[in-house]
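One structure is given here, and the rest of the page talks about it.
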Number of protein chains: 2
Amino acid sequence: MTDDDHGALAPEQLGAYFALMEAVSLLQHAVEQQLRTEGDLSWVQFQLLARLAGVPGRQLTMTALADGVVYSRSGLTYQAAQLEKAGLVTRDPSPDDERATLVTITPAGLERVATVLPGHIQVARHLLFDPLTDGDLHHLGDIMTRVRDHMRAQPPRSAAPRKRRSPSPDGCQATG
Amino acid sequence: MTDDDHGALAPEQLGAYFALMEAVSLLQHAVEQQLRTEGDLSWVQFQLLARLAGVPGRQLTMTALADGVVYSRSGLTYQAAQLEKAGLVTRDPSPDDERATLVTITPAGLERVATVLPGHIQVARHLLFDPLTDGDLHHLGDIMTRVRDHMRAQPPRSAAPRKRRSPSPDGCQATG
DNA sequence: TATTGTTATACTCTATAACTATA
DNA sequence: TATAGTTATAGAGTATAACAATA
């Protein structure tokens with residue numbers, strides 16, 4: 001436990017935090033509905049495809065693909081398998097490193113992203129950008145880019161091989 | 001006004017959008033780990049408890065409790081049952097409306113929120129506030145509050161026939 | 001009939017651990 | 001030994017539909 005920064009947040013901080021979380025929660029839900037309805041994709045799957053679509057060569061190793069999107073190896077394997085079943089990506093062994101799997105987006109995958117993107121953007125516009133001025137938007141982008149880079153630089157709490165979680169104070173979910 | 005908004009987003013908009021989504025995704029993941037580790041709570045469960053803790057009388061009907069959080073009815077029933085099993089809330093029929101269920105946070109529930117809040121705040125501070133100036137924070141709170149209120153006022157987009165609450169300027173206070 | 005909430009059920013997704021194969 | 005990925009498995013969470021009870 002680091003003791004260098006306990007103490008309560010100012011009410012304004014707490015308000016900003018909860019407003020942020022709730023707004024993004026609402027946005028995520030709307031976006032997930034749009035992706036599911038118009039493209040039969042989850043938000044995670046869309047992120048993976050979008051990442052592949054935006055990369056030169058349009059392929060990444062599993063590890064590189066997982067970065068920032070999925071928090072366990074098996075989770076990515078599952079999602080990659082789903083995408084492969086749907087014909088949106090292929091998986092092949094890397095020629096450089098026989099351990100690695102190269103995930104490549106297919107033409108169908110690119111098409112799916114293209115299909116889904118306009119509606120996706122429209123949802124973001126309606127819910128996020130409409131109530132914002134250009135100045136707000138600029139500041140928001142600046143702030144969140146800094147926050148994101150800061151977070152990515154933090155020691156990942158889940159990627160590291162972690163032991164069991166500490167004993168819980170009281171069982172919240174009784175099994176069954 | 002549904003035809004004045006097709007076309008692509010400016011790159012800056014897209015960048016702000018993705019930075020926002022990724023940063024919050026990272027933040028949510030960190031926060032969920034903290035809540036699970038220190039309080040055996042999911043983010044959703046924490047939100048429900050915090051909401052109950054911040055309301056006069058410390059009880060709400062299921063519908064009121066769900067409102068603002070994007071749930072199906074059955075999803076809330078499930079979560080309420082989990083919280084009840086853990087002794088953090090009680091469920092009783094409302095005297096005013098025999099159809100309604102009043103969910104009340106217990107002393108143990110309040111204690112759990114109090115237990116979890118300091119670490120929760122610390123995570124938010126480390127990941128979200130550390131890289132921000134006071135000005136950033138103020139602007140972020142202002143922006144996201146506006147965005148949240150805007151989203152809440154939106155009609156559900158091809159969603160199930162769910163009742164939305166009239167927009168009330170209710171801040172999400174998690175007072176311990 | 002409309003509304004409030006629960007139950008039954010099926011499904012998606014995630015995480016841990018054990019495993020294989022390569023570096 | 002360490003790294004890359006898969007598989008087995010378990011369980012949390014969600015959504016839809018059918019249901020009962022009250023307004």
Side-chain angles (χ1 to χ4, degrees), chain A residues 25 28-29 32-33 35-37 40-48 60-67 69-86 89 91-103 156-165 168 171-176, chain B residues 25 28-29 32-33 35-37 40-48 60-67 69-86 89 91-103 156 158-165:
Chain A
S25 178
Q28 247 178 9
H29 190 255
E32 264 165 18
Q33 280 211 179
L35 289 173
R36 181 62 68 193
T37 301
D40 201 25
L41 292 174
S42 69
W43 167 244
V44 164
Q45 288 161 0
F46 170 75
Q47 278 182 295
L48 295 176
L60 289 171
T61 64
M62 293 289 281
T63 298
L65 182 56
D67 181 47
V69 177
V70 162
Y71 303 101
S72 68
R73 296 180 174 288
S74 63
L76 180 56
T77 296
Y78 169 80
Q79 291 295 354
Q82 298 307 111
L83 292 172
E84 192 176 42
K85 256 192 274 183
V89 306
R91 284 186 291 179
D92 305 283
S94 165
D96 299 329
D97 185 338
E98 289 287 331
R99 296 170 302 181
T101 295
L102 276 178
V103 183
R157 299 177 69 162
S158 71
R162 221 171 126 51
K163 295 300 182 188
R164 287 271 186 101
R165 73 170 84 102
S168 27
C172 182
Q173 57 270 6
T175 325
Chain B
S25 177
Q28 246 178 11
H29 190 254
E32 265 164 18
Q33 280 212 177
L35 289 173
R36 181 63 66 193
T37 302
D40 201 26
L41 291 175
S42 68
W43 166 245
V44 162
Q45 288 160 0
F46 171 75
Q47 279 183 296
L48 295 176
L60 290 170
T61 64
M62 293 289 282
T63 298
L65 182 57
D67 186 46
V69 192
V70 206
Y71 278 138
S72 55
R73 295 175 169 287
S74 62
L76 180 56
T77 295
Y78 170 79
Q79 291 295 356
Q82 298 309 110
L83 293 173
E84 191 176 43
K85 261 192 268 185
V89 305
R91 284 187 291 179
D92 305 284
S94 165
D96 300 328
D97 184 338
E98 288 287 330
R99 296 171 303 181
T101 295
L102 275 178
V103 183
S158 82
R162 202 176 327 153
K163 195 181 68 174
R164 305 302 279 195
R165 168 182 55 178

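Across C:dC13, C:dT7, D:dT7, the shortest atom-to-atom separation from the side chain of A:Thr77 is found for D:dT7.
For the OP1/OP2 pair of D:dG13 and a distance below 4.0 Å, the side-chain nitrogens and oxygens of B:Arg36 include at least one atom meeting the criterion. Between D:dA4 and A:Arg73, a contact under 4.0 Å exists linking OP1 or OP2 to a side-chain N or O. Considering only side-chain N and O atoms, B:Gln45 lies under 4.0 angstrom from the phosphate OP1 or OP2 of D:dG13.
To the nearest 0.5 Å, the span separating CZ on A:Phe46 from CG on A:Leu35 amounts to 6.0 Å. Considering CD of A:Glu32 and OG1 of A:Thr37, their distance stands at 11.0 Å, rounded to 0.5 Å.
When the P atom of C:dA15 is taken as reference, atom CG of A:Leu76 falls 12 Å away, rounded to whole Å. Taking atom CD on A:Gln47 and atom P on C:dT14, their separation rounds to 10 Å, with Å as the unit. Atom P of nucleotide D:dT14 and atom CH2 of A:Trp43 are separated by 18 Å, given to the nearest angstrom. Here the C1' atom of nucleotide C:dT16 and the OH atom of A:Tyr71 are 18 Å apart, to the nearest Å. Regarding A:Tyr78, its OH atom lies at a distance of 21 Å from the C1' atom of D:dA4, rounded to whole Å. We find that CD of B:Gln82 is positioned 13 Å from P of D:dG11, with the value rounded to whole Å. Rounded to whole Å, the distance from CD on B:Gln79 to C1' on D:dA15 is 13 Å. As a whole-Å value, the separation of B:Leu65 CG from C:dT6 P is 11 Å.
A:Val70 comes within 4.0 angstrom of no nucleic acid atom, judged by non-hydrogen atoms across all strands. Nucleic acid contact for A:Ser72: base, since at least one base atom lies under 4.0 Å from a heavy atom of the residue. No engagement by B:Glu32 is indicated, since no non-hydrogen atom pair under 4.0 Å with the nucleic acid exists.
A donor atom on one side chain and an acceptor atom on the other are not found under 3.5 Å apart for B:Gln45 and B:Gln82. With 3.5 Å as the limit, one finds a donor-acceptor pair spanning the side chains of B:Ser25 and A:Tyr71.
Taking a 4.0 Å limit (strictly below) on heavy-atom distances, residues 91-100 of chain B reaches DNA chain D at B:Asp97, B:Glu98, B:Arg99.
Checking each of A:Leu102, A:Val70, A:Leu76 against A:Met62 for a side-chain contact (heavy atoms from CB on, under 4.5 Å) leaves exactly one that passes, namely A:Leu76.
At a cut-off of 3.5 angstrom, counting only N and O atoms as typed in the model, there is a donor on one side and an acceptor on the other between the side-chain of A:Ser74 and the base of C:dA15.
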*Step-by-step side chain to side chain contact (heavy atoms under 4.5 Å, CB included) determination, B:Gln79 to B:Leu48*: CA-CA 9 Å; B:Gln79 291 295 356; B:Leu48 295 176; 3.9 Å; yes
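Annotation: salt bridge (Lys or Arg N to Asp or Glu O under 4.0 Å) contacts involving residues 70-84 of chain A, sequence neighbours excluded, comprise A:Glu84-A:Arg91.
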